[in-house]
**Q** 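The structure is given below, and queries will be raised subsequently.
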Number of protein chains: 2
Amino acid sequence: MPTAATPDIRRTRGQITEAADRLFYEQGFGHTSFADVAGAVGISRGNFYHHFKSKDDILAAVIEGRLERTRALLQAWEAQACTPIERLHCFVQMLLDNQPHILAHGCPVGTLCGELAKLDHPALEQANGLLVLFRDWLRQQFEAMGRTAEADALALHLLARAQGVAAVAHALRSEAFVRAEVYELQAWLTAQQASGSSLAGARAST
Amino acid sequence: MPTAATPDIRRTRGQITEAADRLFYEQGFGHTSFADVAGAVGISRGNFYHHFKSKDDILAAVIEGRLERTRALLQAWEAQACTPIERLHCFVQMLLDNQPHILAHGCPVGTLCGELAKLDHPALEQANGLLVLFRDWLRQQFEAMGRTAEADALALHLLARAQGVAAVAHALRSEAFVRAEVYELQAWLTAQQASGSSLAGARAST
DNA sequence: GTCTATACGGAGATAGAC
DNA sequence: GTCTATCTCCGTATAGAC
């Protein structure tokens, strides 16, 4: 019968995914080696074949962990903000809260999806789940605001705006630019709440 | 005295940069090896150390070539469109013209700058020159439209919007999304021409 | 002398055997 | 958890072709 000595393996596995998550974000997936991860955790290279059988296996676990944490983040936003517009502001605010990381390493979701898309990596679909998580959640908020017809387009639009801000801020390393664009996005959200929006007109006339 | 037998070396060098340019775009810089480039050109691997002394050397030549072609592109836009608003539409139209490539490999400028930024590669600054080229040109158009005070902010904003569209379209591989966002951008440009813009207000109140 | 091709060595990465 | 095998890649050294 199994003893109670199993938490160790889960702990080590968690440490590996955690370290890999951070390194994948800071250096990119392709430029992070087993040695990097092993060194960060403090175990030997061969050791974590007990936990993961390939690099892609680690990637899958990392993405799964990010999906989990993103779901928790979205739930936290729902808990701390009651109205749809407030929740949408939580999303935009994220750009300011994570500004130092964005300037240094870009958006965690965008840079990962971008890299995997360029490599035509099988895990792209899984990573896109992160984008879809935000997309669906944003869509729900726009629906709750009464923008049912254009909710999905608005969600994608906002998602792309945030991605663009992160991408340019990352390349140019400009803090001021992030602040200015967040201001723009907040104003845009307010305009959306007031409703007579450009996207509504665009969608209606198509 | 040198004979007229020198065009060969320039031709080979051009072939290498051309092939490297394409492969860097399709596969990313980090995931393209010398063997890939050599194979594409049809020469042996050791051979092009006569032309470039390192991989970073090739990267520098590729970026230089892209800068050159970007300048030519901007000049062509100026030639084919006389008014600032028409020229800005040229920029937005680029998203539609290059749509298949964007869906498959992302924006050439954005994906390169993103990769180099993540690697903290010395060539990032040079690659950012591509962004700056667009930024300055766009700024000039907004200035010519009479939006002098906010011209640079508007230029960066438009640049980021385009980057966001390309990034999301690349990850999700969605053609419809590009079309919808281009429509939005065209509407936004029209609104900018009419002037009373959100960015003007935002900038004034900061 | 200039360009090109083959061969070789060092480094590092993945994968796996023990 | 150590140790090794195999592979790829960068860079060089060397030698042949025009």
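Residue numbering restarts at 1 for every chain, and letters A, B, ... go by the order of the sequence lines. Small disclaimer: the values here were computed from a predicted structure and weren't measured. Just so it is clear, the values below take in all heavy atoms, side chains as well, and ignore hydrogens, waters and symmetry mates.
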**Q** Would you tell me whether B:D36 and B:H31 have side-chain atoms, one donor and one acceptor, within less than 3.5 Å of each other?
**A**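 Result is no, nothing qualifies.
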**Q** Do A:W137 and A:E78 have a side chain donor and acceptor closer than 3.5 Å?
**A**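 Yes, because at least one side-chain N or O of A:W137 sits under 3.5 Å from a partner of the opposite role on A:E78.
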**Q** Over how many whole Å does the gap from B:I43 atom CD1 to C:dC3 atom C1' extend?
**A**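 One finds 10 Å between C1' of C:dC3 and CD1 of B:I43, rounded.
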**Q** Would you kindly say whether A:E181 and B:H157 are connected by a side-chain donor-acceptor distance under 3.5 Å?
**A**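 Side-chain D/A pair, A:E181 to B:H157: present.
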**Q** Looking at residues 56-65 of chain B, who's got a heavy atom less than 4.0 Å off DNA chain D?
**A** none
**Q** Can you tell me if A:E86 has over 12 outside heavy atoms packed within less than 6.0 Å of its CD?
**A** yes
**Q** Under 3.5 Å, is there a donor-acceptor pair between the side chain of A:K118 and the main chain of B:G28?
**A**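 Answer holds: no.
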**Q** I'd like to check B:R87 versus B:F91 (side-chain heavy atoms, cut-off strictly below 4.5 Å). Are they in contact?
**A**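 No, side chains not in contact.
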**Q** C:dC3 P sits how many Å from B:F52 CZ, rounded?
**A**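 Rounded to whole Å, this separation is 13 Å.
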**Q** Using a strict heavy-atom distance below 4.0 Å, which residues from residues 30-42 of chain B are in contact with DNA chain C?
**A**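 Residues of residues 30-42 of chain B under 4.0 Å from DNA chain C: none.
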**Q** Would you tell me if any nitrogen or oxygen in the side chain of A:S54 comes within less than 4.0 Å of OP1 or OP2 on C:dT14?
**A** no
**Q** Flag the pair B:F34 / B:F52 as yes when at least one side-chain heavy-atom distance between them is below 4.5 Å, and no otherwise.
**A**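 No, too far: nothing below the 4.5 Å cut-off.
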**Q** List the protein contact pattern of nucleotides 12-18 of chain D with one symbol per nucleotide (5' to 3'): B for base contact, S for sugar-phosphate-only contact, - for none; contact means a heavy-atom distance under 4.0 Å.
**A** B------
**Q** Can you check the B:H51 NE2 to C:dT2 C1' distance for me, whole Å?
**A** 10 Å
**Q** Check for me whether A:K55 meets the cation-pi criterion with A:F29, that is, NZ or CZ under 6.0 Å from the six-membered ring centre and within 45 degrees of the ring axis.
**A** yes
**Q** Do A:C113 and A:N128 have side chains that get closer than 4.5 Å, going by heavy atoms?
**A** yes
**Q** Can you measure B:F48 atom CZ to D:dC9 atom P for me and round it to whole angstrom units?
**A**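 After rounding, the gap between these two atoms is 12 Å.
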**Q** Quick one: does any side-chain atom of A:Y25 pair with a main-chain N or O of A:H101 as donor and acceptor, under 3.5 Å?
**A** yes
**Q** Does the side chain of B:L112 reach to within under 4.5 Å of the side chain of B:V62, using non-hydrogen atoms?
**A**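 The answer is no, as the side chains (C-beta and beyond) never meet within the 4.5 Å cut-off.
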